[in-house]
Amino acid sequence: MIIRKGEATYTLRIAGRDYTLTSTDSPDHVHRMAVYVDRKIAETGSSSFVNRETAAVIAALSMADELLGAQDDNTRLRRELLQARQELQALKYAK
């Protein structure tokens, strides 16, 4: 393993197992990610008939859905901001 300047190695407990992660992100950010993933897996794997792998895949699909929704919202908001800027610019030149 190559450790670069600014990287730290973390041991994260997710779904009852330890995982080692090397990241340049802050410890708080890494902790928040681990808690989020652990919570998502716990939500999907709450029934006893779902195995760990299935729970992880369902959690990943749920997070992908959230991400794509956020990206769509971001795109829509950028378009609205651009339109508002253009309208403001038009009002400035109309004077």
Side-chain angles (χ1 to χ4, degrees):
M1 173 178 10
I2 298 172
I3 304 295
R4 295 186 179 101
K5 185 177 180 178
E7 286 185 344
T9 300
Y10 304 93
T11 300
L12 310 170
R13 181 162 284 270
I14 299 172
R17 289 195 180 169
D18 288 340
Y19 297 91
T20 301
L21 170 73
T22 301
S23 176
T24 58
D25 292 324
S26 72
D28 181 59
H29 184 76
V30 172
H31 175 75
R32 287 175 52 216
M33 287 189 309
V35 167
Y36 184 74
V37 170
D38 187 58
R39 182 173 45 102
K40 283 295 193 182
I41 291 174
E43 287 172 3
T44 61
S46 59
S47 59
S48 59
F49 63 88
V50 175
N51 65 35
R52 186 184 314 261
E53 181 181 340
T54 301
V57 170
I58 293 169
L61 288 169
S62 174
M63 289 183 281
D65 181 51
E66 291 174 7
L67 174 63
L68 292 173
Q71 288 175 337
D72 291 345
D73 288 345
N74 186 358
T75 299
R76 178 184 51 78
L77 291 169
R78 286 177 181 269
R79 257 190 255 120
E80 289 175 9
L81 179 59
L82 178 61
Q83 182 179 358
R85 284 181 177 163
Q86 289 171 342
E87 290 172 4
L88 180 61
Q89 196 70 6
L91 288 173
K92 285 181 181 179
Y93 287 120
K95 288 183 180 182

Met33 vs Leu12, side-chain contact (heavy atoms from CB on, under 4.5 Å): CA-CA, chis, key distance, verdict = CA-CA 10 Å; Met33 287 189 309; Leu12 310 170; over 6 Å; no
Rounded to the nearest 0.5 Å, what's the gap from CD on Glu7 to CG on Asp25? Could you check?
-> 10.0 Å
Rounded to the nearest 0.5 Å, the CG atom of Asp73 sits from the CG atom of Leu68 at a distance of 11.0 Å
Give the cluster check for [X] versus [Y]: same hydrophobic cluster or not, with ILVMFWY residues linked at side-chain heavy-atom distances below 4.5 Å.
X: Tyr19; Y: Tyr10; answer: yes
X: Val57; Y: Met63; answer: no
X: Val37; Y: Leu21; answer: yes
X: Leu61; Y: Ile41; answer: no

Would you say that more than 12 heavy atoms from the other residues, nucleotides or ligands in this model lie under 6.0 Å from the [atom1] of [X], or not?
X: Glu53; atom1: CD; value: no
X: Arg39; atom1: CZ; value: yes
X: Arg85; atom1: CZ; value: no

Per side chain to side chain contact (heavy atoms under 4.5 Å, CB included), Arg79 is matched among Leu81, Leu77, Thr75, Leu82 by Thr75
Return the minimal non-hydrogen interatomic distance between Thr44 and Ala59, and the atom names on each side.
-> CG2-N, 3.9 Å
Decide side-chain contact (heavy atoms from CB on, under 4.5 Å) for Arg32 and His29; before the verdict, give the C-alpha distance in whole Å, the side-chain angles of both, and the deciding distance to 0.1 Å.
-> CA-CA 5 Å; Arg32 287 175 52 216; His29 184 76; 4.3 Å; yes
